[in-house]
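I have placed the structure first, in the form of structure tokens, so that the comments after it can refer back to it.
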There are 2 protein chains.
Amino acid sequence: MGVAKTEIFTDQQNEIALFAKALGHPARVSILEHLFRIDSCVCGDLVNEIGLAQATISQHLKELKNLGLIQGSVEGTSVCYCINKENWTKMKSLLSTFLDQDIQNTSSCC
Amino acid sequence: MGVAKTEIFTDQQNEIALFAKALGHPARVSILEHLFRIDSCVCGDLVNEIGLAQATISQHLKELKNLGLIQGSVEGTSVCYCINKENWTKMKSLLSTFLDQDIQNTSSCC
DNA sequence: TTGAATCATCGTAATATTGCAATGAACAAA
DNA sequence: TTTGTTCATTGCAATATTACGATGATTCAA
């Protein structure tokens with residue numbers, strides 16, 4: 001009932017799902033793209049760049065931060081967010097493995 | 001609310017999010033893994049393999065089907081599902097491009 | 001100290017998702 | 001035709017997600 005039954009799946013399946021879920025909203029996709037694009041660690045501009053309320057952006061940032069995909073450091077009155085490359089790489093290899101699993105299997109049936 | 005504001009994002013961002021969302025539940029990850037593993041197009045066994053009710057599995061299959069990631073064909077009393085390789089490949093390249101965007105940018109700040 | 005700026009959190013509303021029992025539809029075998 | 005099998009759909013309940021205004025907390029500048 002609204003709760004995913006994580007206990008019947010493998011750790012890897014749950015982890016893939018968690019990362020994928022984080023990418024499952026265009027605002028978070030956009031945030032991550034911005035953080036990659038802006039070389040310097042600009043932050044609060046995300047609210048201006050993306051057309052969502054400050055509270056909403058902050059909420060999405062929190063999710064990405066909880067997952068470890070980004071990290072933030074306070075700089076005066078503003079907070080500097082950027083990609084956590086280590087965890088990004090981890091996610092990338094996890095998802096890539098999943099996405100590449102068709103290479104071995106070329107037969108099709110329907 | 002609870003509705004994602006898709007209109008303020010690019011088509012690509014929305015598409016990435018849609019595909020990622022489909023992978024954002026361990027049951028669907030598991031279903032896709034099974035469909036890749038079983039070479040022959042076995043189907044209803046998904047209910048036995050995964051520990052969820054038949055109605056629930058059917059619902060997840062419907063989602064994956066609507067997105068075009070899998071397809072099904074009726075075979076007597078059972079339905080044969082398998083990966084839609086064309087769309088899978090499309091998703092893979094879309095997500096891979098997104099996941100690989102860090103290659104160009106090596107600087108870090110926080 | 002006061003005020004402005006920036007960001008997080010809280011509270012709330014609207015909607016989406018997850019899960020299942022019950023039921024329906026289609027088909028094959030008896 | 002009847003019965004059993006397989007899968008889809010419906011109808012619900014529980015929970016999660018998305019979004020935003022209002023309000024705090026923190027920091028810098030005056």
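dA25(D) atom C1' lies 15 Å from atom NZ of K62(A), rounded to whole Å. Atom NZ of K65(B) is separated from atom C1' of dT9(D) by 13 Å (rounded to the nearest Å). Following rounding to the nearest Å, L64(B) (CG) and dT17(C) (C1') show an atom-to-atom distance of 14 Å. Rounded to an integer number of Å, the gap from CD1 of I70(A) to P of dC7(C) is 12 Å. Distance, Q54(A) CD to dC10(C) P: 14 Å, rounded to whole Å. Counting to the nearest Å, the P atom of dT5(D) and the CG atom of N48(B) are 13 Å from each other. Taking atom CD of residue E63(B) and atom C1' of nucleotide dG19(C), one finds them 12 Å apart after rounding to whole Å. The distance from atom CG of N66(B) to atom C1' of dT17(C) is 15 Å, rounded to the nearest whole Å.
V29(B) approaches L23(B) most closely through the heavy-atom pair CG2-O, 3.4 Å. The nearest pair of heavy atoms linking L35(A) to Y81(A) is CD2-O, 3.6 Å.
The aromatic rings of F9(A) and H25(B) lie perpendicular to each other, with more than 60° between the two planes, well past the 30° mark.
Heavy-atom distances under 4.0 Å link DNA chain D to K21(A), H25(A) of residues 10-25 of chain A, given in residue order.
An OP1 or OP2 oxygen of dT6(C) is reached within less than 4.0 angstrom by no side-chain nitrogen or oxygen of Y81(A). Between H60(B) and dT17(C) there is no side-chain N or O to OP1 or OP2 distance below 4.0 Å. Contact annotation: T77(A) side-chain N/O to dC28(D) OP1/OP2 distance is not under 4.0 Å.
Among the atoms of the strands shown, base atoms are found under 4.0 Å from some heavy atom of A55(B). Residue contacts shown for L52(A) are limited to sugar-phosphate atoms, with no base heavy atom under 4.0 Å away. Contact annotation for S78(A): backbone-only contact, meaning every heavy-atom pair under 4.0 Å involves sugar-phosphate atoms and none involves a base.
Across Q101(A), Q12(A), Q13(A), a single residue satisfies side-chain hydrogen bond (donor to acceptor under 3.5 Å, both in side chains) together with E33(B), and that is Q13(A). Each of L52(B), V47(B), N48(B) was compared with I50(B) under the side chain to side chain contact (heavy atoms under 4.5 Å, CB included) criterion, and only L52(B) meets it.
Considering only side-chain atoms of S58(A), the nucleotide from dC20(D), dC20(C), dT9(C) that sits closest is dT9(C).
A salt bridge does not link E63(B) with K21(B): every distance from a Lys NZ or Arg NE/NH1/NH2 to an Asp or Glu carboxylate oxygen is 4.0 Å or more.
Side-chain contact between F19(B) and N87(B) is absent, with no heavy-atom pair separated by less than 4.5 Å.
No N or O donor and acceptor, one from the side chain of Q59(A) and one from the base of dA8(C), sit under 3.5 Å apart.
Of the two residues near DNA chain D, G76(A) and R28(A), the one whose nearest nucleotide lies more 5' is R28(A).
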